[in-house]
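Remarks on the structure that follows.
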Amino acid sequence: MIRESDDVIVRTVARLLMPFITLYALYVVMHGHYSPGGGFQGGVILAAGFILLVVTQGIDRVKRRMSQEKAIIFSSLGLLIYAGIGALCLILGGDYLDYGTLGRPLSVQRAEARSLGILGVEIGVALGVMAVMCAIFFAIFTPDQKNGRREQ
Amino acid sequence: MIPTFNFILILFLFVCAIAAITIRDLLSAVLVLGAYSFFMCLLWAQMTAVDVAFTEASVSAGIGTVLFIGAVSRTERRSKD
């Protein structure tokens with residue numbers, strides 16, 4: 001069980017750093033299709049922000065914002081976005097994940113539709129990876145309910 | 001790039017890899033494994049595989065170390081063998 005840090009400097013600095021970590025992760029996700037980075041790395045950095053909050057603010061306080069149930073819902077949502085965009089291309093007459101066919105309903109050119117489609121898939125991957133990383137972290141660090149063993 | 005720098009990186013990589021599997025204290029082994037991932041990340045970046053280096057830095061050196069520390073804290077700190 002991780003409790004809140006006693007040091008006010010650690011708590012405050014972690015709270016101040018959290019928005020910048022999230023902003024950097026969003027930058028990595030948004031620029032993933034033409035520079036290093038992408039959905040996977042951005043999702044991991046998003047999860048790292050949550051883990052920093054857990055380590056400094058205590059697991060109970062963070063679980064009010066991001067519980068294990070919410071994490072599982074978010075991971076399913078990420079998978080749904082990924083598979084949904086792929087299936088949408090299939091419905092519109094192309095292959096699976098053939099983003100060019102998205103141009104007609106979005107009323108943009110094929111090249112721009114491909115860019116937007118990859119961006120949508122990256123967002124889905126980032127959501128899924130972030131939620132799964134948080135779920136694994138919570139599963140490891142939540143104490144057992146049965147025998148009431150307390151760690152750390 | 002500079003061959004000497006490359007050689008030093010590979011040397012550190014070997015030292016970290018051998019240390020990570022020989023150290024008896026598992027918490028120290030996890031931290032040495034994090035250092036190994038970081039040297040691997042520098043080598044990937046040096047081989048101009050920036051995307052792989054990014055993944056190595058964020059996943060292996062970032063989240064992986066945290067999850068291994070969690071696993072050590074849930075089990076035992078000393079290795080039996």
Which atoms of [X] approach chain B - backbone, side chain, both or neither, heavy atom under 4.5 Å:
X: A:V28; result: side chain
X: A:F40; result: side chain
X: A:I140; result: both

Contacting moiety of B:A71, where chain A heavy atoms sit under 4.5 Å: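 Just its backbone gets close to chain A.
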Who else is in A:I123's hydrophobic cluster (ILVMFWY, side-chain heavy atoms under 4.5 Å, direct or via others)?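 Its cluster partners, ordered by chain and number, are A:V29, A:M30, A:L119.
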Ring centroid separation for A:F20 and A:Y24, is it under 6.0 angstrom?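 No.
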Any side-chain donor-acceptor pair under 3.5 Å between A:Q41 and B:T55?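 Present: a donor and an acceptor within the cut-off.
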A:V44 to B:V59 - nearest heavy-atom pair and separation: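 Closest heavy-atom pair between A:V44 and B:V59: CG2-CG2, 3.8 Å.
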